[in-house]
Peer 1: 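Quick one: the structure is below, and I'll ask about it shortly.
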Number of protein chains: 2
Amino acid sequence: MSRTAHGQPAPGRPRSESARIAVLHAVDDMLVEQGYAAMTMKGIAERAGVGRQTVYRWWSTKAEILLEASTSDAAHELDVEPRARPADDLLAFLEALTTFLTTSPAGLAYRALLGEAQHDTAVRELVRAADLIGTATSAVLARVRPHAAAMPAPPLAAAQLAGPVVAVILETGVPLTPAQLADHTRLLLGAWTAGPQR
Amino acid sequence: MSRTAHGQPAPGRPRSESARIAVLHAVDDMLVEQGYAAMTMKGIAERAGVGRQTVYRWWSTKAEILLEASTSDAAHELDVEPRARPADDLLAFLEALTTFLTTSPAGLAYRALLGEAQHDTAVRELVRAADLIGTATSAVLARVRPHAAAMPAPPLAAAQLAGPVVAVILETGVPLTPAQLADHTRLLLGAWTAGPQR
DNA sequence: AGCATTACGAGGCATCGTGTCTTGATAATC
DNA sequence: GATTATCAAGACACGATGCCTCGTAATGCT
């Protein structure tokens with residue numbers, strides 16, 4: 001349980017860690033009930049039954065709370081069961097990624113954070129440091145790499161695999177279809193397996 | 001010069017189109033001077049030497065103004081000169097896209113809009129309707145398609161080409177390197193040319 | 001030219017969110 | 001049982017929003 005950023009959380013020890021947990025639960029609930037835009041620091045405090053100063057004591061922005069509230073869920077949802085065939089492995093991951101970004105509360109939170117990151121440097125650092133999608137993508141790629149001799153280095157390969165999925169959702173809100181995901185993995189895996197075509 | 005959304009801009013015709021232009025110029029300037037986050041409707045009006053009501057008369061949100069102010073610049077910057085070889089054509093486009101998203105004022109505006117779109121449905125519709133990146137990408141792909149027999153249908157192909165570039169910038173703020181862009185185009189073009197590897 | 005219409009700049013207004021500060025109650029430590 | 005410090009609650013100043021009202025000036029129609 002990191003103390004988040006904000007410096008140390010105060011000299012005295014927290015009388016109740018439960019205040020932190022109440023806030024995180026409140027944020028979880030409010031996110032699905034009213035969405036990110038309608039969430040306010042004041043509203044979070046009231047919903048959590050907590051003083052406003054208590055919220056500010058541990059987090060300095062909505063983004064920090066949201067990230068802490070959704071990180072573990074996100075990591076769990078993007079950690080797909082390995083499949084025997086590489087193509088199935090990649091496809092299962094991309095489908096999980098799509099579900100995450102379009103329907104999961106944690107995914108919606110992540111998209112909101114990604115949005116804030118575009119005009120707030122501090123949030124950008126938070127998102128980059130968490131790197132939820134990059135980490136999950138790399139895990140899958142590590143399993144597939146032995147079967148794909150021509151796969152580029154991790155950063156580019158991860159971008160090639162997940163980038164199209166992420167970008168389309170961020171730009172339009174509508175994900176690639178399962179058929180498109182299948183075509184994408186097939187083409188990419190083919191290129192990674194076959195080697196450069198000069 | 002479209003009248004933007006907002007319904008009709010009012011029954012009477014604009015006494016001076018110059019008010020609109022002043023606002024658009026002010027937004028352009030303020031975007032580079034203070035960034036999107038610091039921009040306010042009040043500030044825009046004052047900077048443009050215009051009453052606040054005048055701003056609200058023609059645009060209902062900051063996002064609408066920003067989109068109108070940067071659309072033509074964006075389209076121009078993403079319209080790259082065709083190259084003889086398909087690989088060069090794709091690479092030149094991706095480099096232009098990278099420059100656009102990381103250094104151009106219009107590109108920064110577009111990223112800010114993309115950010116807002118993640119928690120504002122109305123903005124999402126605006127961005128989707130404009131579809132600046134998708135349009136530019138499709139134009140390039142149309143030139144390359146004759147040389148790439150196995151290229152998927154336009155929506156997927158566009159996502160495969162531009163998605164990784166866009167996603168990495170949105171997620172980290174740091175673009176793919178020129179070398180990575182070159183590797184990406186080479187691999188993609190190879191896969192599109194060679195056909196499915198089953 | 002003259003009149004009605006309507007946008008215009010300026011700024012007041014209520015409302016809301018933010019982040020800080022204060023208060024009185026409550027729990028932990030000695 | 002006294003001291004200390006956290007806590008919930010809410011007051012506060014500030015800034016942004018979007019609406020509304022002025023008096024003014026430009027436009028369209030006759």
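Proteins get letters first, then strands, A, B, ... in listed order; numbering begins at 1 in each.
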Peer 1: Any donor and acceptor pair, going by atom type alone, linking the side chain of B:Arg85 with main-chain N or O of B:Arg83 inside 3.5 Å?
Peer 2: no
Peer 1: Any side-chain donor-acceptor pair under 3.5 Å between B:Glu68 and B:Trp58?
Peer 2: no
Peer 1: Write down the distance between CH2 (B:Trp59) and C1' (D:dT17), rounded to a whole number of angstrom.
Peer 2: 18 Å
Peer 1: Answer yes or no: is there a donor N or O on one side and an acceptor on the other, between the side chain of B:Arg124 and the main chain of B:Ala117, under 3.5 Å?
Peer 2: yes
Peer 1: Using a heavy-atom distance cut-off of less than 4.0 Å, which residues of residues 30-38 of chain B contact DNA chain D?
Peer 2: none
Peer 1: Could you measure the distance from the NE2 atom of B:His76 to the OG atom of B:Ser104? Nearest 0.5 Å is fine.
Peer 2: 11.5 Å
Peer 1: Write down the distance between CE (A:Met39) and C1' (C:dT18), rounded to a whole number of angstrom.
Peer 2: 14 Å
Peer 1: Is there, by distance only and without an angle test, a donor paired with an acceptor across the side chain of A:Arg52 and the base of C:dG17 below 3.5 Å?
Peer 2: no
Peer 1: Tell me the closest heavy-atom pair linking A:Trp59 and A:Glu64, and the distance in Å.
Peer 2: CA-OE1, 3.5 Å
Peer 1: Please tell me which of the listed nucleotides, C:dA7, C:dT18, D:dA16, lies nearest to the side chain of B:Thr40?
Peer 2: D:dA16
Peer 1: To the side chain of B:Ala19, which of C:dG19, D:dC7, C:dG9 is closest?
Peer 2: C:dG9
Peer 1: Provide, to the nearest angstrom, the distance between the CD1 atom belonging to A:Ile44 and the C1' atom belonging to C:dT18.
Peer 2: 12 Å
Peer 1: Nearest whole Å is fine: how far is C:dC13 P from B:Gln53 CD?
Peer 2: 17 Å
Peer 1: Expressed as a whole number of angstroms, how long is the span from A:Met41:CE to D:dG10:P?
Peer 2: 19 Å
Peer 1: Please check the phosphate of C:dG9 (OP1 and OP2 only) for any side-chain N or O of B:Thr54 closer than 4.0 Å.
Peer 2: yes
Peer 1: Looking at every heavy atom in both A:Thr40 and A:Gly43, which two are closest together, and how far apart are they?
Peer 2: OG1-N, 2.8 Å
Peer 1: Nearest to the side chain of A:Lys62, heavy atoms from C-beta on, is which of D:dC7, C:dT18, C:dA7?
Peer 2: C:dT18
Peer 1: Which part of the nucleic acid does A:Gly49 contact within heavy-atom distance under 4.0 Å: base, sugar-phosphate only, or nothing?
Peer 2: sugar-phosphate
Peer 1: Write down the distance between OH (B:Tyr56) and P (C:dA10), rounded to a whole number of angstrom.
Peer 2: 16 Å
Peer 1: Got a sec, which residues hit side-chain hydrogen bond (donor to acceptor under 3.5 Å, both in side chains) with A:Arg111, two or more places apart in sequence or on another chain?
Peer 2: B:Gln118
Peer 1: Rounded to whole Å, how long is the line connecting atom CZ of B:Arg47 with atom P of C:dG9?
Peer 2: 16 Å
Peer 1: Provide, to the nearest angstrom, the distance between the CD atom belonging to B:Glu46 and the C1' atom belonging to C:dG12.
Peer 2: 14 Å
